[in-house]
Amino acid sequence: MSWAFLRDLLSGVNKYSTGIGRIWVAVVFMFRLLVYVAAAENIWKHEHDEFECNIKQPGCENVCFDHFFPVSHIRLWALQLIMVSTPSLLVVFHVAYRENREKHHNQKLYRNPGKIDGGLLCTYLISLILKTGLEIVFLVLFYKLYNGFKIPRLVKCDIKPCPNTVDCYISKPTEKMIFLYFLVATSCLCIVLNLSELSYLIFKYSIKCYLKRHMKKQQ
């Protein structure tokens with residue numbers, strides 16, 4: 001899978017981000033996207049083929065694998081990366097709208113089309129709320145689908161067509177669990193960064209509005 005589109009998106013967003021936003025972009029690009037492409041993807045590459053049960057009953061292994069791994073960790077991680085990065089497009093589109101509006105009117109309508117103020121501030125705040133919400137949704141989804149953030153070495157399966165309770169073994173469970181913990185840790189870090197940036201922007205522009213009102217009252 002080519003991740004060039006996500007890299008280009010993150011590069012574009014970086015232009016219009018605050019300092020905290022740039023840290024978020026760095027974490028997503030370096031500690032999530034690059035780790036996914038360079039290492040994590042290969043670990044889960046043959047997870048179905050390496051899932052073994054101590055019985056050769058036709059269909060038993062497939063059914064058990066589907067029961068314990070309804071969605072592959074690595075595919076869910078890829079979907080998470082795409083979904084949490086997508087709200088940033090709102091900011092890019094809003095800046096593009098401002099630039100096209102200036103071209104259409106052939107005059108300078110904004111001091112800086114990429115400056116976070118007015119309507120762009122609202123769009124930026126919405127994108128932060130969406131990113132934070134999606135991060136939390138995916139963490140809950142991971143927890144619910146796999147009964148916690150752990151990968152057991154052995155699972156017991158008694159689903160038909162298995163004739164009785166059989167032992168099934170997961171390949172490289174320790175290595176997979178380390179990457180799963182890394183995924184959860186970086187996701188939590190991104191939530192903290194998003195909430196910090198959200199609080200910073202709200203506080204900053206609340207103070208700005210208060211000072212403007214105070215100046216008007218004095219005048």
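Please read these numbers as outputs of a predicted model, since none were measured by experiment.
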Query raised in the report: Are side-chain heavy atoms of Thr132 and Leu198 found at a separation under 4.5 Å?
Result: no
Report task. Please report the closest heavy-atom contact between Val63 and Pro161, naming both atoms and the distance. Result -> CG2-CD, 3.7 Å
Query - Min side-chain heavy-atom separation Gln80-Leu141 under 4.5 Å - result: no
Query raised in the report: Do Leu81 and Arg32 pass the side chain to side chain contact (heavy atoms under 4.5 Å, CB included) test, and can you show the C-alpha distance, the side-chain angles, and the key distance before you say yes or no?
Result: CA-CA 8 Å; Leu81 276 172; Arg32 298 180 76 174; 3.7 Å; yes
Query raised in the report: Does Met177 CE have over 12 foreign heavy atoms under 6.0 Å away?
Result: yes
Query raised in the report: For Cys64 and Cys157, is the interatomic SG distance under 2.5 angstrom?
Result: yes
Query - Minimum side-chain heavy-atom gap Cys190-Trp24 below 4.5 Å - result: yes
Query raised in the report: Once you round to the nearest 0.5 Å, how far does CG of Leu76 lie from CE of Met83?
Result: 11.0 Å
Requested in this report: Take Asp158 and Val166 through the test side chain to side chain contact (heavy atoms under 4.5 Å, CB included) and record every step on the way to the result.
Outcome: CA-CA 6 Å; Asp158 58 358; Val166 299; over 6 Å; no
Query - From CD1 (Ile159) to NE2 (His67), nearest 0.5 Å - result: 4.0 Å
Report summary line: Closest non-hydrogen contact found for His94 with Thr123 is ND1-OG1, 2.7 Å
Query raised in the report: Are Ile151 and Leu154 connected, step by step, through hydrophobic side chains (Ile, Leu, Val, Met, Phe, Trp, Tyr) whose heavy atoms are closer than 4.5 Å?
Result: no
Query raised in the report: Which pairs, with at least one residue in residues 162-192 and sequence neighbours excluded, count as a ring-ring contact (aromatic ring centres under 6.0 Å, His included)?
Result: none
**Report entry** Sidechain-backbone polar pair: Asp66 side chain, Asn62 backbone, donor-acceptor under 3.5 Å
**Finding:** no
Requested in this report: Decide yes or no for Pro163 and Gln57: does some side-chain heavy atom of the first lie under 4.5 Å from some side-chain heavy atom of the second?
Outcome: yes
Query raised in the report: Looking at CG of Leu89 and CG of Leu130, how far apart are the two atoms once the value is rounded to the nearest 0.5 Å?
Result: 11.5 Å
Report summary line: Result for disulfide (SG to SG under 2.5 Å) between Cys53 and one of Cys60, Cys168, Cys162 points to Cys168
Query raised in the report: Taking all non-hydrogen atoms of both residues, which atom of Pro173 and which atom of Arg153 are closest, and how far apart?
Result: CG-CG, 3.6 Å
Query raised in the report: Quick one: do Leu139 and Leu33 end up in the same hydrophobic cluster if we chain Ile, Leu, Val, Met, Phe, Trp and Tyr together by side-chain heavy atoms under 4.5 Å apart?
Result: yes
Query raised in the report: Under a 4.5 Å side-chain heavy-atom rule over Ile, Leu, Val, Met, Phe, Trp and Tyr, are Val184 and Val137 clustered together?
Result: no
Query raised in the report: To the nearest 0.5 Å, what is the distance between CZ (Phe51) and CD1 (Ile170)?
Result: 6.0 Å
**Report entry** Rounded distance (nearest 0.5 Å) linking atom CD1 of Ile126 with atom NZ of Lys131
**Finding:** 13.0 Å
Query - side chain to side chain contact (heavy atoms under 4.5 Å, CB included) between Lys172 and Glu50, worked out - result: CA-CA 9 Å; Lys172 297 176 283 189; Glu50 295 172 348; 3.7 Å; yes
Query raised in the report: Roughly how far apart are Cys188 SG and Glu135 CD, rounded to 0.5 Å?
Result: 8.5 Å
Query raised in the report: Can you pull the ring-ring contact (aromatic ring centres under 6.0 Å, His included) pairs that have at least one residue in residues 139-161, sequence neighbours excluded?
Result: His73-Tyr146, Tyr143-Phe149
Report task. Look at the side-chain heavy atoms of Ile, Leu, Val, Met, Phe, Trp and Tyr, link any pair under 4.5 Å apart, and say whether Trp77 and Val27 land in one connected group. Result -> yes
Requested in this report: Measure from the side-chain N and O atoms of Asn194 to the backbone N and O of Leu128, and report whether any donor-acceptor pair falls under 3.5 Å.
Outcome: no
Query - Donor-acceptor under 3.5 Å (Thr186 side chain, Leu183 main chain) - result: yes
Report task. Could you tell me whether the side chain of Ser127 and the main chain of Tyr124 form a donor-acceptor pair under 3.5 Å? Result -> yes
Query raised in the report: Is it the case that one hydrophobic cluster holds both Val84 and Ile23, taking links as side-chain heavy atoms less than 4.5 Å apart, direct or via other members?
Result: yes
Cut-off 3.5 Å, no hydrogens considered: what does the side-chain donor-acceptor table look like for residues 201-208, sequence neighbours left out?
| residue | atom | partner | partner atom | Å |
| --- | --- | --- | --- | --- |
| Tyr205 | OH | Ile116 | O | 2.2 |
| Ser206 | OG | Ile202 | O | 2.6 |

Query raised in the report: In terms of side-chain heavy atoms, does Ser171 have a donor or acceptor partner in Glu47 at a distance below 3.5 Å?
Result: no
Requested in this report: Might you work through the side chain to side chain contact (heavy atoms under 4.5 Å, CB included) test for Asp167 and Lys156, ending with a clear yes or no?
Outcome: CA-CA 5 Å; Asp167 294 334; Lys156 294 185 178 291; 2.7 Å; yes
